[in-house]
Structures are given as C-alpha cells and as structure tokens.
Colleague: 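I am attaching a structure below and will ask some questions about it afterwards.
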Amino acid sequence: MELYQAVKAPQPVVTLVNTSIDSVWVTWTPNTLWHSLCKVGHRVSTNKTWPQIAGNISVMDTNNIVYRIRGLHPFTSYCVAVSCSGNSGYWSQWSTEVTGTTLERAPLRPPEVCYHNKKNGTRGKIQLLLMWEALPNPDAGGRILGYEVSYTPVHMQLQASQGVTTNTSELTILLIVEEVELMVSVRAYNGAGHGPASIIRVDPQQDHMSAFSSAFGQLSNFLRVSLSATYLDDREMVNLLNLTSC
C-alpha cells in the first residue's frame with residue numbers, strides 16, 4: 001500500500017459561488033491523487049449541528065466541482081463545508097466553512113387582519129382601527145419592510161381613482177374614513193416585492209372587532225383586541241392597545 005493510501009485525505013478548499021431564493025452553490029477543486037468521493041454538509045448558521053449531509057459525490061477529474069444545495073429557506077444564512085476521501089476510505093477533516101445568505105422572496109400569504117370601528121364625533125366619519133399579526137418565517141420571505149393598506153367605498157369600487165392607499169411599518173393603523181361600507185386590503189412587502197392581500201369588507205354599523213374571510217378562505221387564530229382601548233380624535237393615535245392571541 002502506498003503511504004498516501006494509509007492517511008487521511010487533505011481538506012478541500014471551498015468557495016461560495018452564488019445564491020438564489022432557495023439554493024446555494026459552492027465549488028472546490030479536488031485532488032485526484034487523494035480524493036475519489038466528497039460529501040457536502042450545510043446548516044442554518046445559527047444551528048450548531050449539521051443535520052443535512054449529501055454524500056457520494058464522485059470525483060471524476062481535476063476540474064472544479066460546482067455543487068448546488070437546493071430546498072433552502074429564503075433570506076436565511078447557511079454554513080457549508082466539504083469533506084473528501086480517497087482509496088483508503090478515510091475522510092478528510094471538514095473544510096473551512098463558507099457562509100452564504102439566500103435571496104429574499106416576496107411574502108407568500110396575506111396577513112391575518114381584524115378591525116374595530118367607532119363613531120368619530122364628526123358627522124359622517126368613523127375611526128377605523130386595523131390590526132394584523134406579523135408574518136412568520138418562511139412566509140415572510142425576508143425582512144418585512146412594511147404594509148400597504150388600501151380602502152375604497154364599496155359603491156365606488158369600479159372607480160380606481162376613489163381608492164386611498166397608505167403605508168405603515170406598524171402592525172396597527174388608525175384611519176378616519178367616511179361612514180360607508182368599505183373594501184379594505186392589507187398586504188406585506190419586503191425587498192423582493194409585495195405579497196398577496198387580505199381583503200375585508202368593513203360595515204360601519206358593526207362597532208366590534210370582526211372576523212372575516214380573506215381571499216385565501218376562512219382565517220383562524222385572529223388577533224383579539226381589548227375593547228378597553230381608548231380612541232382619540234383624528235389628530236391622535238390609539239392611547240392603549242391590549243393585544244393577545246385568540
């Protein structure tokens with residue numbers, strides 16, 4: 001037996017090549033004298049263990065091997081390392097880790113929204129408080145930058161110019177609106193774009209928190225808002241919000 005066959009293969013040197021929404025590419029140059037098989041491990045950078053290891057990657061020549069790791073979460077940091085073995089069957093130590101972050105993806109689903117309305121004290125106006133829960137990962141697709149809130153009187157839905165759109169980075173918004181039935185939409189957005197919207201129909205005569213069906217069907221696990229909240233005039237915000245989960 002040759003001496004090189006009786007010792008561990010040397011560590012490969014790994015380089016990060018590219019990332020996408022759900023993939024990371026890495027490359028390394030095998031040493032054909034030492035390497036006949038390689039395996040790739042990856043983990044979320046905040047984890048300590050290596051739950052995902054792909055083995056038996058054959059080394060055919062001295063060209064760089066480019067390997068794609070698929071099925072990853074968007075906007076997540078991953079660590080990748082490679083180990084190789086030769087004819088002796090002894091695996092090398094894992095390479096120095098390389099780190100890559102997958103790209104953002106637009107949010108996958110709409111936020112779950114509730115509302116409460118109350119007379120404003122001004123004739124023909126109401127205070128409309130909208131509330132929603134933050135999207136969890138991976139539904140958020142990345143870092144949520146804010147929420148787009150739009151509303152249009154039901155009787156003017158066909159007139160796009162009558163709609164009002166505003167943006168907020170909060171999970172609540174207080175609007176002063178006409179005392180008419182409204183179609184309201186709320187959608188999250190991140191650096192990759194806007195997600196689908198929750199669509200609700202607001203009845204000005206219903207002055208308690210209301211559950212509703214979104215475009216994705218009946219929603220569950222609504223936010224519950226304590227009706228002890230105090231509403232102020234149209235130049236002020238809500239004085240107290242007591243948010244709990246249903």
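Along the sequence shown, residues are numbered consecutively beginning with 1.
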Colleague: Is it possible for you to say whether Met131 and Leu174 belong to one hydrophobic cluster, with membership spreading through side-chain heavy-atom contacts below 4.5 Å?
Modeller: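 Same cluster: Met131 reaches Leu174 through Ile, Leu, Val, Met, Phe, Trp or Tyr contacts under 4.5 Å.
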Colleague: Can you list everything that forms a salt bridge (Lys or Arg N to Asp or Glu O under 4.0 Å) with Arg43? Sequence neighbours excluded, please.
Modeller: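 Arg43 satisfies salt bridge (Lys or Arg N to Asp or Glu O under 4.0 Å) with Glu97 once adjacent residues are dropped.
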Colleague: About how many Å separate CD1 of Ile144 and CG of Asn190, when rounded to the nearest 0.5 Å?
Modeller: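 Result: 5.0 Å between the selected atoms.
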Colleague: Report yes or no: do Val24 and Val66 belong to one cluster of Ile/Leu/Val/Met/Phe/Trp/Tyr joined by side chain heavy-atom distances under 4.5 Å?
Modeller: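 No; Val66 is not reachable from Val24 via cluster members.
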Colleague: Can you name the nearest heavy-atom pair linking Ala188 to Pro111, along with the distance?
Modeller: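 Looks like N-CD, 4.3 Å.
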Colleague: Is there a side-chain contact (heavy atoms from CB on, under 4.5 Å) between Trp94 and Val14? Walk through the geometry before answering.
Modeller: CA-CA 10 Å; Trp94 287 99; Val14 181; over 6 Å; no
Colleague: Calculate, to the nearest 0.5 Å, the distance between atoms CH2 and NZ belonging to Trp91 and Lys39 respectively.
Modeller: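 It is 5.0 Å, given to the nearest 0.5 Å.
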Colleague: Are Asn47 and Tyr78 packed together at the side-chain level, in the sense that at least one heavy-atom pair is separated by less than 4.5 angstrom?
Modeller: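 A side-chain contact is absent here, since even the closest heavy-atom pair is not under 4.5 Å.
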Colleague: Once rounded to the nearest 0.5 Å, what's the spacing between atom CD of Gln11 and atom OG of Ser92?
Modeller: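 With rounding to 0.5 Å, CD (Gln11) is 6.5 Å from OG (Ser92).
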Colleague: Let's go through Phe75 and Ile21 carefully: what are the C-alpha distance in whole Å and the side-chain angles of both, what is the deciding distance for side-chain contact (heavy atoms from CB on, under 4.5 Å) to 0.1 Å, and is it a yes or a no?
Modeller: CA-CA 7 Å; Phe75 202 59; Ile21 291 173; over 6 Å; no
Colleague: With side-chain contact (heavy atoms from CB on, under 4.5 Å) as the test, would you mind laying out the steps for Tyr115 and Leu129 before giving the verdict?
Modeller: CA-CA 6 Å; Tyr115 76 88; Leu129 175 66; over 6 Å; no
Colleague: Would the distance check show the side chain of Tyr151 and the main-chain N or O of Val177 forming a donor-acceptor pair, the cut-off being under 3.5 Å?
Modeller: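 Checked: no pair found.
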Colleague: Linking I/L/V/M/F/W/Y whenever their side-chain heavy atoms sit closer than 4.5 Å, directly or via other members, would Leu103 and Leu145 fall into one cluster?
Modeller: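 They do not share one cluster, since no chain of ILVMFWY contacts under 4.5 Å joins Leu103 to Leu145.
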Colleague: In chain order, what residues pass the side-chain hydrogen bond (donor to acceptor under 3.5 Å, both in side chains) check against Arg105, with sequence neighbours excluded?
Modeller: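 With sequence neighbours excluded, Arg105 shows a side-chain hydrogen bond (donor to acceptor under 3.5 Å, both in side chains) to no residue whatsoever.
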Colleague: Which atom pair, heavy atoms only, marks the closest approach of His194 to Tyr189?
Modeller: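 Residues His194 and Tyr189, closest heavy atoms: CD2-CB, 3.6 Å.
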Colleague: Should the pair Arg143-Glu104 be classified as a salt bridge under the 4.0 Å nitrogen-to-oxygen rule?
Modeller: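 Salt bridge flag = no for Glu104 with Arg143.
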Colleague: Examine distances only and state if a side-chain atom of Ser185 and a backbone atom of Ile199 form a donor-acceptor pair shorter than 3.5 Å.
Modeller: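 Here the side-chain-to-backbone pair does not exist.
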Colleague: Please check if the side chain of Thr76 supplies one atom and the backbone of Pro74 the other of a donor-acceptor pair under 3.5 Å.
Modeller: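 Pair found, side chain donor or acceptor close to backbone of Pro74.
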Colleague: Can Arg201 and Glu181 be counted as an ion pair, charged N to O under 4.0 angstrom?
Modeller: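 Salt bridge between Arg201 and Glu181, a charged N being under 4.0 Å from a carboxylate O: yes.
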Colleague: Shortest non-hydrogen contact from Ser77 to Thr99?
Modeller: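 Ser77 and Thr99 have their closest heavy atoms at OG-CG2, 3.3 Å.
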Colleague: How many angstroms lie between atom SG of Cys79 and atom NE2 of His42, to the nearest 0.5 angstrom?
Modeller: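 It is 11.0 Å, given to the nearest 0.5 Å.
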Colleague: Side chains of Pro110 and Trp132: does their closest heavy-atom pair fall under 4.5 Å?
Modeller: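 No, side chains not in contact.
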Colleague: Would Trp25 and Tyr67 count as a close aromatic pair, with their ring centres under 6.0 Å?
Modeller: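 When the ring centroids of Trp25 and Tyr67 are compared, they turn out to be at least 6.0 Å apart.
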Colleague: Within the structure provided, determine whether Leu182 and Thr152 are in side-chain contact (heavy-atom separation under 4.5 Å).
Modeller: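 They are not in side-chain contact.
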Colleague: If every non-hydrogen atom of Val184 is compared with every non-hydrogen atom of Leu128, which pair is closest and at what distance?
Modeller: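 Answer, listing the atom of Val184 first, then Leu128: CG2-CD2, 4.3 Å.
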Colleague: With clusters defined by side-chain heavy atoms of hydrophobic residues (ILVMFWY) lying less than 4.5 Å apart, directly or transitively, does Leu37 cluster with Ile53?
Modeller: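 In one cluster: no.
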Colleague: For the hydrophobic clusters of this structure (ILVMFWY residues joined by side-chain heavy atoms under 4.5 Å, transitively), does one cluster hold both Ile57 and Ile69?
Modeller: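 Linked within one cluster.
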Colleague: Run the side-chain contact (heavy atoms from CB on, under 4.5 Å) check on Ser20 and Asp22 step by step: do they pass?
Modeller: CA-CA 6 Å; Ser20 69; Asp22 64 353; 3.4 Å; yes
Colleague: Testing Val82, Val26, Val13 for side chain to side chain contact (heavy atoms under 4.5 Å, CB included) with Ser95, which one passes?
Modeller: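 Filter result, single survivor: Val82.
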Colleague: Under a 4.5 Å cut-off applied to non-hydrogen side-chain atoms, are His73 and Thr102 in contact?
Modeller: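 Counting from C-beta outward, His73 and Thr102 never come under 4.5 Å.
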Colleague: Nearest 0.5 Å, please: how far is CG in Leu135 from OH in Tyr147?
Modeller: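 So the gap between those two atoms works out to 5.5 Å.
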Colleague: Would you please say whether a donor-acceptor pair under 3.5 Å links the side chains of Arg68 and Ser23?
Modeller: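 Per modelled atom types, Arg68 and Ser23 side chains form a pair under 3.5 Å.
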Colleague: Would you check if Arg109 and Pro136 make a side-chain contact, meaning some heavy-atom pair closer than 4.5 Å?
Modeller: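 In short, these two side chains touch, coming nearer than 4.5 Å.
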Colleague: Once you round to the nearest 0.5 Å, how far does OG of Ser150 lie from CG of Asn167?
Modeller: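 Nearest 0.5 Å value for the OG-CG distance: 8.0 Å.
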Colleague: Between Asn117 (side chain only) and Ile126 (backbone N and O only), is there a donor and an acceptor less than 3.5 Å apart?
Modeller: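 Pair absent, no side-chain N/O of Asn117 close to backbone of Ile126.
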